[in-house]
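The structure appears below as structure tokens.
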Amino acid sequence: MRIIKTASYKKDLQKKIKNKHKKKEEETIEAIEELMIQSNNMKELMLNPLSVVYNIEKKKGNLKEIYTARINSKLRMYIKPIGKYPYKLEEIVEIELREIDDKHYGDG
């Protein structure tokens with residue numbers, strides 16, 4: 001697979017990764033990116049045992065074509081196909097980082 005790193009993704013790498021655990025988080029991101037590059041498509045990626053290690057999972061509902069990978073307890077990598085539905089999950093994916101907070105999950 002090919003990965004497109006958006007400008008916002010590159011900026012988020014500098015902004016959202018905390019200094020305390022920066023080295024570990026950078027290593028996790030690099031490992032996930034390498035795993036994606038080595039896979040021919042998203043199905044192969046999901047069958048790889050390392051996808052369980054990095055908690056790579058397919059979203060449900062409105063986000064059903066998006067996959068996420070956990071960087072740490074507060075940071076997720078969103079993996080999105082490029083193009084129009086139905087997506088070709090073997091060609092190009094776009095990645096971005098999103099912070100998860102209490103507002104994301106609600107009060108309960």
Quick one: pull up [atom1] in [X] and [atom2] in [Y] and give me the separation to the nearest 0.5 Å.
X	Y	atom1	atom2	value
Ser51	Lys58	OG	NZ	13.5 Å
Leu35	Ser39	CG	OG	4.5 Å
Ile79	Glu33	CD1	CD	9.5 Å
Thr68	Ile56	OG1	CD1	8.5 Å

How close do [X] and [Y] get, heavy atom to heavy atom, and via which atoms?
X	Y	answer
Leu75	Asn72	N-OD1, 2.7 Å
Ile32	Ala69	CD1-CB, 3.8 Å
Ile95	Met36	CG2-CE, 3.7 Å

Check: So if you build clusters from Ile, Leu, Val, Met, Phe, Trp, Tyr with side-chain heavy-atom gaps below 4.5 Å, do Ile37 and Met46 land together?
Finding: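 Yes, because Ile37 and Met46 connect within a single hydrophobic cluster, where side-chain heavy atoms sit under 4.5 Å apart.
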
Notebook entry, point to check: Asn40 and side-chain hydrogen bond (donor to acceptor under 3.5 Å, both in side chains): which partner among Glu44, Gln38, Lys43?
Noted result: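 Exactly one candidate clears the test, Glu44.
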
Notebook entry, point to check: Does the side-chain contact (heavy atoms from CB on, under 4.5 Å) test come out yes or no for Tyr78 and Lys59, once each step is laid out?
Noted result: CA-CA 10 Å; Tyr78 274 54; Lys59 300 294 280 180; 4.2 Å; yes

Checklist line | Under-4.0 Å salt bridge between Arg76 and Glu99 | finding: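 So Arg76 does not pair with Glu99 through a salt bridge.
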
Note to self: Assess whether a salt bridge exists between Glu96 and Lys5, defined as any Lys/Arg side-chain N lying under 4.0 Å from an Asp/Glu carboxylate O.
What the structure shows: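 No salt bridge links Glu96 with Lys5.
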
Margin query: What verdict does the side-chain contact (heavy atoms from CB on, under 4.5 Å) test give for Met77 and Tyr9, after you've listed the backbone C-alpha separation in whole Å, the side-chain angles of each residue and the deciding distance to 0.1 Å?
Written below: CA-CA 9 Å; Met77 178 185 289; Tyr9 173 76; 3.8 Å; yes

